[in-house]
Amino acid sequence: MSQTLAPAVPPAGPPLPRSRRLLRAVAVVACLPYLTLKTLWVAGSRLGIPPGSPLLEHGTALVVANVVTVAMDGAVIVLALLLTRPWGRAVPAWLLVAPMWIATGLLAPVMAGYPLQLLVRAFGGSAAGTSGGGEPFLEEWVFAVVYGGFIVQGLALGALFRLYARDRWGHLWRGRLCDVPAGAADAAQRAAAVAAAVLALFPLTLRALWAAGGTTGLSAGVVAERGSDFHVLESLYVVYLLAAVAGGLLLAFRRTPALPVRVPLVLAGIGSGAVACWGGWMAAAALVTGGDPADRPTGLMLLAYAGQMIVGLLVALVAARFLAARSAGAVRRPAT
């Protein structure tokens with residue numbers, strides 16, 4: 001996103017409210033269990049990894065993945081400081097919005113998915129990896145600690161970003177879609193939104209099929225290890241794909257002029273981040289997957305991941321151009 005979203009805000013300002021200091025502390029503390037656990041694994045500990053876990057087969061790849069995820073979770077602490085320290089007010093927009101978009105994309109499915117998985121299990125569902133009788137790759141308490149921490153991180157970081165963005169860029173999402181005139185300059189937005197909608201049909205169809213119990217395109221290992229957790233996540237990917245496409249089309253075509261601007265921005269922002277970041281994460285994980293060939297992603301699975309990435313990036317582009325137009329002053333004054 002362009003740095004022209006808004007001029008840099010001077011670092012000087014009033015003391016940070018107590019509520020924001022508390023949110024910052026919560027975000028930082030919520031990172032500690034995950035960082036501690038990952039650091040122990042990098043150091044060679046097998047805490048929380050049961051004997052026979054498939055994770056033990058990956059060796060160096062597992063260490064590299066742990067180092068990368070430690071850095072990613074450490075970035076949450078940096079973001080929490082950036083959103084609450086005086087120097088954070090002068091950071092270029094892209095340097096904040098890009099990592100926040102990634103953080104939102106990675107955390108949102110966990111924040112929605114884990115509680116839903118627990119709810120489904122409470123009504124008789126099965127955890128992932130239990131239906132096929134294979135060895136679980138982590139002990140159950142690890143998921144509670146890690147995902148619980150992610151949920152708290154997401155809530156605290158999201159609240160901090162909302163407060164920060166309201167102070168710095170609040171004018172960009174006030175009003176309704178009719179306040180932004182559509183013109184020839186929006187052709188690129190419309191093309192990107194339509195392309196995203198068309199490209200989304202492939203991963204959307206596959207995800208919906210897998211959520212409903214179909215096996216087309218799935219590897220034998222995934223088919224054998226499916227549980228209710230798998231179907232919950234696949235259903236969520238369908239929701240996020242639909243949200244991304246809907247948000248992009250609403251921003252690009254503005255056929256619902258009375259709709260508040262923040263609605264399509266939220267749909268496009270969270271939806272695009274979720275499908276792009278998780279598509280990218282699963283594609284990257286596929287590159288280091290070894291062991292049993294049955295566990296390796298199929299070509300259709302890889303195409304679905306790639307399609308998600310492209311859809312998410314296109315919708316993010318639509319949102320970025322929309323906000324850039326608002327920032328440049330192409331905004332009608334609301335009717336009185």
Side-chain angles (χ1 to χ4, degrees), residues 98 101-102 104-110 112-113 116-117 128 186-253 255 264-289 293-322:
W101 178 73
I102 294 172
T104 300
L106 291 174
L107 289 173
V110 175
L116 283 175
Q117 288 174 338
D186 298 322
Q189 290 184 55
R190 293 194 291 270
V194 171
V198 172
L199 290 173
L201 292 175
F202 178 73
L204 183 62
T205 301
L206 281 178
R207 294 290 193 183
L209 178 65
W210 297 339
T215 60
T216 302
L218 290 175
S219 66
V222 171
V223 172
E225 295 298 312
R226 288 179 306 167
S228 63
D229 287 359
F230 172 86
H231 298 292
V232 167
L233 289 178
E234 293 303 320
S235 299
L236 279 177
Y237 288 130
V238 170
V239 172
Y240 284 119
L241 277 163
L242 291 174
V245 169
L249 291 173
L250 287 169
L251 290 173
F253 288 93
R255 297 294 175 84
L265 280 176
V266 168
L267 290 174
I270 297 178
S272 67
V275 299
C277 294
W278 274 100
W281 179 258
M282 289 184 286
L287 297 177
V288 297
T289 299
D295 294 329
R296 297 171 187 166
T298 65
L300 282 178
M301 292 171 69
L302 292 174
L303 284 175
Y305 303 157
Q308 284 188 206
M309 290 174 59
I310 297 171
V311 169
L313 291 172
L314 285 172
V315 173
L317 175 63
V318 172
R321 291 183 65 90
F322 179 89

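This one's a predicted model, so the numbers in the text were calculated from it and none came from an experiment.
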Compare every heavy atom of Ala193 with every heavy atom of Val318, then report the nearest pair and how far apart it is. CG2-N, 3.7 Å
Non-hydrogen atoms of Pro203 and Ala304 that approach each other most closely: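 The pair with the smallest heavy-atom distance is CB-O, 3.7 Å.
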Rounded to the nearest 0.5 Å, how far does [atom2] of [Y] lie from [atom1] of [X]?
| X | Y | atom1 | atom2 | answer |
| --- | --- | --- | --- | --- |
| Met301 | Arg296 | CE | CZ | 13.0 Å |
| Leu204 | Leu209 | CG | CG | 11.0 Å |
| Met309 | Trp281 | CE | CH2 | 13.0 Å |
| Thr205 | Trp210 | OG1 | CH2 | 10.5 Å |
| Phe202 | Ile310 | CZ | CD1 | 11.0 Å |
| Trp278 | Tyr305 | CH2 | OH | 11.0 Å |

Restricting to side-chain contact (heavy atoms from CB on, under 4.5 Å), what partner residues turn up for [X], sequence neighbours left out?
| X | result |
| --- | --- |
| Ser235 | Ala211 |
| Ala196 | Val311, Leu314, Val315 |
| Leu107 | Met111, Phe150 |

Counting only pairs under 3.5 Å, give me each side-chain donor-acceptor contact of residues 212-219, with atom names and distances, residues two or more places apart or in other chains.
residue : atom : partner : partner atom : Å
Ser219  : OG   : Val222  : N            : 3.3
Ser219  : OG   : Ala294  : O            : 3.3

Does the side chain of Phe230 come within less than 4.5 Å of Val223's, by heavy atoms? no
Taking only residues two or more places apart in sequence, or in another chain, which ones meet Trp101 in a side-chain hydrogen bond (donor to acceptor under 3.5 Å, both in side chains)?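 By the side-chain hydrogen bond (donor to acceptor under 3.5 Å, both in side chains) rule, Trp101 matches Ser272.
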Any pair counted as salt bridge (charged side-chain N to carboxylate O under 4.0 Å, His left out), so long as it reaches [range], sequence neighbours left out:
| range | result |
| --- | --- |
| residues 194-219 | Arg207-Glu234 |
| residues 235-249 | none |
| residues 270-286 | none |

Under 3.5 Å, side-chain donor or acceptor atoms of residues 237-253 against the rest of the protein: list the pairs with distances, not counting sequence neighbours.
residue : atom : partner : partner atom : Å
Tyr240  : OH   : Ala108  : O            : 3.2

